[in-house]
Amino acid sequence: MESGMISVDRWSRGSQVYFLTHLHADHVRGLTPNWTRGPLYCSRITAKLFPIKFSGFDLSLIRIVEIGHWHSVSLLSPSSGSSTTVYFMAIDAHHCPGAMMYLFRGEFGCTLYTGDFRWESTSERAQNGRTMLLNALKDLQLDMLYLDNTYCNPTYSFPSREVAARQVLSIISSHPNHDIVIAVDTLGKENLLLYISRVLKTKIWVWPERLQIMHLLGFHEIFTTKTSLTRIRAVPRYSFNIETLEELNTIRPTIGIMPSGLPWAQKSARGKDNFSFTWHTNITTSISTSKTIGGSLTAGSYDKYIYRVPYSDHSCFPELETFVEFLKPINIKGIVSSSTSYVEPLYHFGHLCRTQQESEFLFQKLRSKGCEKVEVIHAKSPFGDTSTVPLGRKRRIRRIFSTGNHVSRVRLLRRERQGVKIVDRDPD
DNA sequence: GCGATCAGTT
DNA sequence: CACAACTGATCGC
């Protein structure tokens, strides 16, 4: 097996410590309740939700990482065999509750793993994140950026969640006597629901398991499992389809709202018509306020009962572009590699990267100024030994670095659902 | 009965 | 159609 140090959202053996960005299923595939491979670092919120997903997990293996502080852990360097210190900092990813990015710094250089994230230009939370990153990177060059490349293609352009939320509200308001069902996952889109609840001054129905999660997140009054209390219900996305809506409509007039990033590709002028979607235009007449966004997007539906709204927890292309330009990393890799449509971020963002030479020049400059300091606010002990145990289950993505050699390369490109496996050095 | 993988769904 | 996120069937032990 390969010798390794750290894995992020990846749960195969060979690492000394493991980091989790957030609790969505495609990031915990491979985690099991009998997890014994090492300490697991995550956010406080993720830790709080953890027992729900992984009943029985040995919570003593969980290490909470506070946002915005440098932490450290000492690990065995696979290259030298001796002890080496890795510093890391978590930053709010503004994806789903508990989602964080991780910035690492060690003998391998400096690496940022975004996990899934959305940083809108108008978002205050994103602005905080930018400031935090800027301060953390002050004198450092970012050698590697692992990027949420879900929508890493210029055809993907959609409005901020704030704007999309107003569209949802507009749709609801134009159906004052309808029941409303909104498709959501087990985690995420809470802010949309909170917004609706606040503006319309109404509770929102959720299914019992979801109510438990809402309570853990600290929302105690807003959500209910009693149908009689509200006409607005958030339902599991997998139970949401045209047939369901038609059945519901035999009982009461009901519309469905599907918040989703995907179909909102901008109709590109350069004639890639594989992205031309046809929308029923009846809707846009009923919600005039959301008729157009960014010039070419319209709220649409693919069914007379279902409305799609471009509400996404992943950054759209222009946001990714801004993000990369802001960081000017030396190298970029995507964290999502679904076999059919993996887009190499360097193809689109290579021109925004800093070259190795520029980086060395910068480094010399900084050096001559003699500034170098890392403030360690919270030091963590290395992996605890022995006692081990419990739980978890599921898995996915990627190990970031394995050795002191930070010239990594793709070793294996599996046809897994997602994820290349990256190893920095030959296994033995 | 468990995890791992595949297939299918919105 | 794209996609993320999820469920459920099936295989192997």
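Order of the sequence lines fixes the chain letters, A, B, ..., with proteins taken first and strands second; residue numbering starts at 1 for each chain. These values consider heavy atoms only, across backbone and side chains, with no hydrogens, waters or symmetry-generated copies.
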Task: Residue Glu243(A), side-chain atoms from C-beta onward, closest of dT10(B), dA4(C), dC6(C) - done: dT10(B)
Task: Listed nucleotide nearest any side-chain atom of Thr150(A), set dA2(C), dC6(C), dA4(C) - done: dA4(C)
Open item on the list: Nearest to the Lys53(A) side chain among dC6(C), dA2(C), dA5(C), which nucleotide is it?
Closed with: dC6(C)
Open item on the list: Using whole Å, what does the distance between atom C1' of nucleotide dC2(B) and atom CG of Asn34(A) come to?
Closed with: 9 Å
Task: Proximal nucleotide (of dA5(C), dG3(B), dT10(B)) relative to the Asn241(A) side chain - done: dT10(B)
Task: Atom-pair distance (CG on Asn153(A); P on dC1(C)), nearest Å - done: 18 Å
- [ ] Determine the contact category for His95(A): base if any of its heavy atoms lies under 4.0 Å from a base atom, sugar-phosphate if only primed atoms, P, OP1 or OP2 are that close, otherwise nothing.
- [x] sugar-phosphate
Open item on the list: From CH2 of Trp207(A) over to P of dT7(C), roughly how many Å is that when rounded to an integer?
Closed with: 9 Å
- [ ] Give Ser239(A) one of three labels, base, sugar-phosphate or nothing, depending on what nucleic acid heavy atoms sit under 4.0 Å from its own.
- [x] nothing
Task: Between C1' of dG8(C) and OH of Tyr238(A), the distance in whole Å - done: 11 Å
- [ ] Take atom CD1 of Ile242(A) and atom C1' of dT9(B), then tell me their distance rounded to the nearest Å.
- [x] 12 Å
Task: Protein-nucleotide distance (Leu187(A), atom CG; dC6(C), atom C1'), rounded to Å - done: 13 Å
TODO: For the residue pair Asn149(A) and Phe349(A), establish whether any side-chain heavy-atom pair is separated by less than 4.5 Å.
DONE: no
Task: Aromatic ring pairing His348(A)/Phe317(A), orientation class (parallel under 30°, perpendicular over 60°, tilted between) - done: perpendicular
- [ ] Round to a whole Å and report the spacing from CD1 of Ile182(A) to C1' of dA5(C).
- [x] 18 Å
Open item on the list: Between Met5(A) and Val17(A), is there a side-chain heavy-atom distance shorter than 4.5 Å?
Closed with: no
- [ ] State whether Thr186(A) places a side-chain N or O below 4.0 Å from either non-bridging phosphate oxygen (OP1 or OP2) of dC6(C).
- [x] yes
TODO: Round to a whole Å and report the spacing from CZ of Arg161(A) to C1' of dA4(C).
DONE: 15 Å
Task: Minimum-distance nucleotide to His27(A) side chain [options: dT10(B), dG3(B), dA5(C)] - done: dA5(C)
- [ ] Using the ring pair (Phe, Tyr, Trp, His ring centres under 6.0 Å) rule, take Phe19(A) and His27(A) through it: C-alpha gap first, then chi angles, then the decisive distance, then the call.
- [x] CA-CA 10 Å; Phe19(A) 286 77; His27(A) 290 253; over 10 Å; no
Open item on the list: With heavy-atom distances below 4.5 Å as the criterion, would you say the side chains of Leu137(A) and Cys110(A) are in contact?
Closed with: yes
